[in-house]
*Asks:* 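A single structure is presented below for examination.
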Amino acid sequence: ELSGALGDHPVALRVNGAEVARGDGRCILGNPLAALTWLVNTLREEGWGLQEGDVVASGTMTGLVPVSPGATVVAEFESFGRVRLDWPLA
């Protein structure tokens with residue numbers, strides 16, 4: 001089941017190769033789909049809704065960490081893969 005997989009899925013966040021944070025989908029209202037459900041229901045109550053092409057950021061699984069220009073940030077999502085950001089100096 002997708003909802004369970006997202007809630008239980010771990011992620012490690014590395015800055016310049018050093019692990020700085022770790023978490024899982026439970027950090028986002030217990031499950032990222034719970035956060036999305038809350039958003040959709042709240043928007044509907046206010047007479048709004050999501051539109052095709054909207055992008056939703058459900059929250060952070062690792063919290064916020066300081067990053068400086070020149071850093072390389074990698075988020076490793078166990079079996080989902082990894083995302084890398086190389087932040088230029090200027």
*Asks:* Restricting to non-hydrogen atoms, name the atom on Gly70 and the atom on Asn16 that form the minimum distance, rounded to 0.1 Å.
*Replies:* O-OD1, 4.3 Å
*Asks:* Quick one: CG on Leu39 to CZ on Arg44, what's the gap to the nearest 0.5 Å?
*Replies:* 11.5 Å
*Asks:* Do Trp87 and Val74 share a hydrophobic cluster, counting only Ile, Leu, Val, Met, Phe, Trp and Tyr and linking them when any side-chain heavy atoms are less than 4.5 Å apart?
*Replies:* no
*Asks:* Taking C-beta and beyond as the side chain, do His9 and Asp24 meet within less than 4.5 Å on heavy atoms?
*Replies:* no
*Asks:* Are the side chain of Asn41 and the backbone N or O of Trp38 linked by a donor-acceptor pair below 3.5 Å?
*Replies:* no
*Asks:* Would Arg26 and Asp8 count as a side-chain contact (heavy atoms from CB on, under 4.5 Å) if you check the C-alpha gap in whole Å, the side-chain angles of each, and the deciding distance to 0.1 Å?
*Replies:* CA-CA 7 Å; Arg26 290 182 295 251; Asp8 295 334; 2.9 Å; yes
*Asks:* If you look only at distance, which donor and acceptor atoms sit under 3.5 Å apart when one is on a side chain in residues 58-66 and the other is two or more places apart or in another chain?
*Replies:*
unit_1, atom_1, unit_2, atom_2, d
Thr60, OG1, Thr62, N, 3.2
Thr60, OG1, Gly63, N, 3.0
Thr60, OG1, Gly63, O, 3.3

*Asks:* Under the salt bridge (Lys or Arg N to Asp or Glu O under 4.0 Å) test, which residues partner Glu19, sequence neighbours left out?
*Replies:* Arg14, Arg22
*Asks:* Using every non-hydrogen atom in the two residues, find where Ile28 and Ala35 come nearest and quote the distance to one decimal.
*Replies:* CG2-CB, 3.7 Å
*Asks:* Could you tell me if the side chain of Leu13 sits less than 4.5 Å from the side chain of Val73, heavy atoms only?
*Replies:* yes
*Asks:* Could you state whether Leu33 and Phe80 fall into the same hydrophobic cluster, counting links through intermediate Ile, Leu, Val, Met, Phe, Trp or Tyr residues with side-chain heavy atoms under 4.5 angstrom apart?
*Replies:* yes
*Asks:* Which atom names give the shortest non-hydrogen contact between Val15 and Ala71, and what distance separates them?
*Replies:* CG1-CB, 4.2 Å
*Asks:* Is the shortest heavy-atom distance from the side chain of Leu36 to the side chain of Leu50 under 4.5 Å?
*Replies:* yes
*Asks:* List in chain and number order the residues that pass salt bridge (Lys or Arg N to Asp or Glu O under 4.0 Å) with Arg82, two or more places apart in sequence or in another chain; answer none if no residue qualifies.
*Replies:* Glu76
*Asks:* For Phe77 and Val83, which heavy atoms make the closest approach, and how far apart are they?
*Replies:* CE1-CG2, 4.1 Å
